[in-house]
Engineer: 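Once you've had a glance at the structure underneath, I'll fire off some questions.
Computed from a predicted model, the values in this text were never measured in an experiment. Numbering of ligands and ligand atoms starts at 1, following listing order.
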Amino acid sequence: MNIPVRKFDAVIVGAGGAGLRAAIQLSEAGLKTAVLTKVFPTRSHTVAAQGGVAASLGNSEEDHWHWHMYDTVKGSDWLGDQDAIEFMCRKANEVVVELEHYGMPFDRLDNGRIYQRPFGGHMSNFGDKPVRRSCAAADRTGHAMLHAMYQRNVKVNTQFFVEWMALDLIRDDEGDVLGVTAMDMETGEIVMFHSRATIFATGGSGRIFHSSTNAFINTGDGLGMAARAGIPLEDLEFWQFHPTGVAGAGVLITEGVRGEGGILRNSSGERFMERYAPNAKDLASRDVVSRAMVTEINEGRGCGPNKDYVLLDITHLEPATIMKRLPGIREIGIQFAGVDCIKAPLPVVPTCHYQMGGIPTNHFGQVVVPKGDDLNSVVQGFYAAGECACASVHGANRLGTNSLLDLLVFGKSAGETAVADLQKGVRNHKPIPQEAIERSLARVDRLNNQKSGSNVHEVRLDMQRVMQKHCGVFRFDDLLKEGVDMILDVEKQVRQTEIKDKSQVWNTARLEALELDNLIEVAKATMVSAEARKESRGAHVRDDAPDTPAHPNGRDDQNWLKHTLWYSEGNRLAYKPVQMKPLTVDTIELKKRAY
Ligand SMILES: Cc1cc2nc3c(=O)[nH]c(=O)nc-3n(C[C@H](O)[C@H](O)[C@H](O)COP(=O)(O)OP(=O)(O)OC[C@H]3O[C@@H](n4cnc5c(N)ncnc54)[C@H](O)[C@@H]3O)c2cc1C
């Protein structure tokens, strides 16, 4: 079947922070650039980011990119690639100042410089004490950031396709990427976006879990499309559970609350983090705080009638400070917990928040896959940035405020690399392979013709429950093994989902069914990769890999200091070494992670 074709120099899928930053680079270079997005750009999940963006500006006290790099390597539990981490931390000041020049309304110090607050795991002088590194616009940093970058894109004539859903990645026989098929959500029409460069910036996939801080649109479409097209997914066993989701609702309470002085308390009012992280206390890194909270709850020191949450207390802060620095949080507390945090502490539990893994890239934003002896062979025409990508700077655990930084640095880097590649003129529009188009259309046809199949909502819920129970904050061998079988069973249901409404116009049922195809790829990758990794590291903590002198924190560097690569075809796993060598400085050597 023939479908309409639209030609662009570059197609970017996703209009969150990463997509918008990449688009600025391409449009400013005069390239014809299309940005596809399921929602209006400023409604992308980046809009929900609260706490800030990390950069060692040192506006309130001494700071240095090398300290930031050290914290990030340590935070990653040494699974992050040190070349990419050095690249990101060194670039931070440049991209934050650039953003300021785009009109980002950062909070200010009295001397006019950008306001910075402390954040978990960010320390001065190679792990000494918390440092003010997070540049913030109150508790609405992502909101301010998206608007500043959207405006910039309007200025440089980026062409937006709003409410268009990309369906599949199109690759030819040589493995080169030639663009995507996409559906106009309003009319149901399917079009081929034929491009010389394709950049994925589709964000996270937190919706594979039942309780998540992520937006409903965070369904891992980029990962699903890549996996179906034969690209492996990297390190997906590593998911960050944010310590402070509102109990029962999952809505995020930023770590900035603890940065401003908030304290976690158990049922006896004890500041329990003093026992788990004597130095950093409530500002230890997220995996450490989440596990401490779950331990308190499991050992019977939780709060409330079911003893199933802990309290986040800021009642000791001045009401004026709360109103100035955390107005959105007060609002969330009142709306979702019925608690005014000026007067009473907020009920909180760890909630799925962020995927450390994703589509494998290098620090130039190019997608890389193993090919023959080359473990990092560049896929021609394909780039990725932001949460859907794995550069890998976050390794086994991401530090707060390092994601917004990742969007800016690698969004820009992917854009720059694509511009350079296109300006070399080597890549023209290659002929479109008809079989790839047919495969993409077959998925939609199957849905249009399926009779007496499974219900999308029920299957999604099954998947989310399996993930939550079998692959949560703490992991157990038997639960993981069972989880693999269960998720493969769920997959069978996904293959035969049925939608009752088969109409064309604004068919949200069809869109949700297509999203579920992507979610299940991410869920499988997560469960299979987690079951296979027989150590504890960062956010992946197994009951059967405890902290011993031979294996600090349960880590097994001898066997597991390596990245996982999961292939959808055959549910196959492969591994590649971690890049321990930075670009210019010395390697940050392995040691036990303690805060
Ligand atoms: C509540 C919350 C608070 C956070 N706070 C912070 C913070 O303070 N600091 C920090 O550093 N990090 C924070 N994070 C993490 C950070 O915000 C995210 O990792 C980051 O914003 C992701 O940006 P992105 O550009 O990769 O994707 P997103 O902003 O999620 O954008 C994804 C884009 O892809 C589009 N898209 C997806 N699939 C398709 C498809 N099939 N077709 C077309 N378009 C598609 C969407 O429409 C959207 O435009 C927070 C996350 C959450 C959930």
Engineer: Judging by distance only, is a nitrogen or oxygen of Gly17 under 3.5 angstrom from one on ligand 1?
Structural biologist: yes

Engineer: For atom 53 (C) of ligand 1, what is the closest protein heavy atom, and at what distance to 0.1 Å?
Structural biologist: His45 NE2, 1.7 Å

Engineer: Is there a nitrogen or oxygen of Thr213 sitting under 3.5 Å from a nitrogen or oxygen of ligand 1?
Structural biologist: no

Engineer: Hey, would you say the Tyr354 and His394 ring centroids sit under 6.0 Å apart?
Structural biologist: yes

Engineer: Shortest non-hydrogen contact from Asp139 to Ile329?
Structural biologist: OD2-N, 2.9 Å

Engineer: With a 4.5 Å heavy-atom cut-off, do Pro243 and Val348 have their side chains touching?
Structural biologist: no

Engineer: Can you find an N/O atom of Leu404 closer than 3.5 Å to an N/O atom of ligand 1?
Structural biologist: yes

Engineer: Backbone or side chain, does any N or O of Gly52 fall under 3.5 Å from an N or O of ligand 1?
Structural biologist: yes

Engineer: Are the ring centres of Tyr383 and Phe364 closer than 6.0 Å?
Structural biologist: no

Engineer: Starting from the C-alpha separation in whole Å, work towards a yes-or-no answer on side chain to side chain donor-acceptor pair (under 3.5 Å) for His563 and Asp81.
Structural biologist: CA-CA 10 Å; His563 297 294; Asp81 288 337; 2.8 Å; yes

Engineer: Report, in ascending order of atom number, the atoms of ligand 1 lying under 4.0 Å from any heavy atom of Thr46.
Structural biologist: 20 (C), 21 (O), 22 (C), 23 (O), 24 (P), 25 (O), 28 (P), 29 (O)

Engineer: Would you check the N or O atoms of Met165, main chain and side chain alike, for any that come under 3.5 Å of an N or O of ligand 1?
Structural biologist: no

Engineer: Taking N or O atoms only and a 3.5 Å limit, does Ala15 qualify as a polar contact for ligand 1?
Structural biologist: yes

Engineer: With distance as the sole criterion, is a donor-acceptor pair present between the side chains of Ser60 and Gln116 under 3.5 Å?
Structural biologist: no

Engineer: Verify whether one side chain among Gln464 and Arg460 offers a donor that lies under 3.5 Å from an acceptor in the other.
Structural biologist: no

Engineer: Should the pair Arg325 and Tyr115 be classed as cation-pi, given the thresholds of under 6.0 Å to the six-membered ring centre and 45° from the axis?
Structural biologist: yes

Engineer: Under 3.5 Å between some N or O of ligand 1 and some N or O of Ala166?
Structural biologist: yes

Engineer: Is there any N or O on Tyr354 that sits under 3.5 Å from an N or O of ligand 1?
Structural biologist: no

Engineer: Do any nitrogen or oxygen atoms of Ala18 come within less than 3.5 Å of a nitrogen or oxygen of ligand 1?
Structural biologist: yes

Engineer: What atoms of ligand 1 come closer than 4.0 angstrom to any heavy atom of Gly16?
Structural biologist: 25 (O), 29 (O), 31 (O), 33 (C), 49 (O)

Engineer: Below 3.5 Å, N or O to N or O, backbone or side chain included: is there any such pair between Asn214 and ligand 1?
Structural biologist: no

Engineer: Does any non-hydrogen side-chain atom of His363 lie less than 4.5 Å from one of Val409?
Structural biologist: no

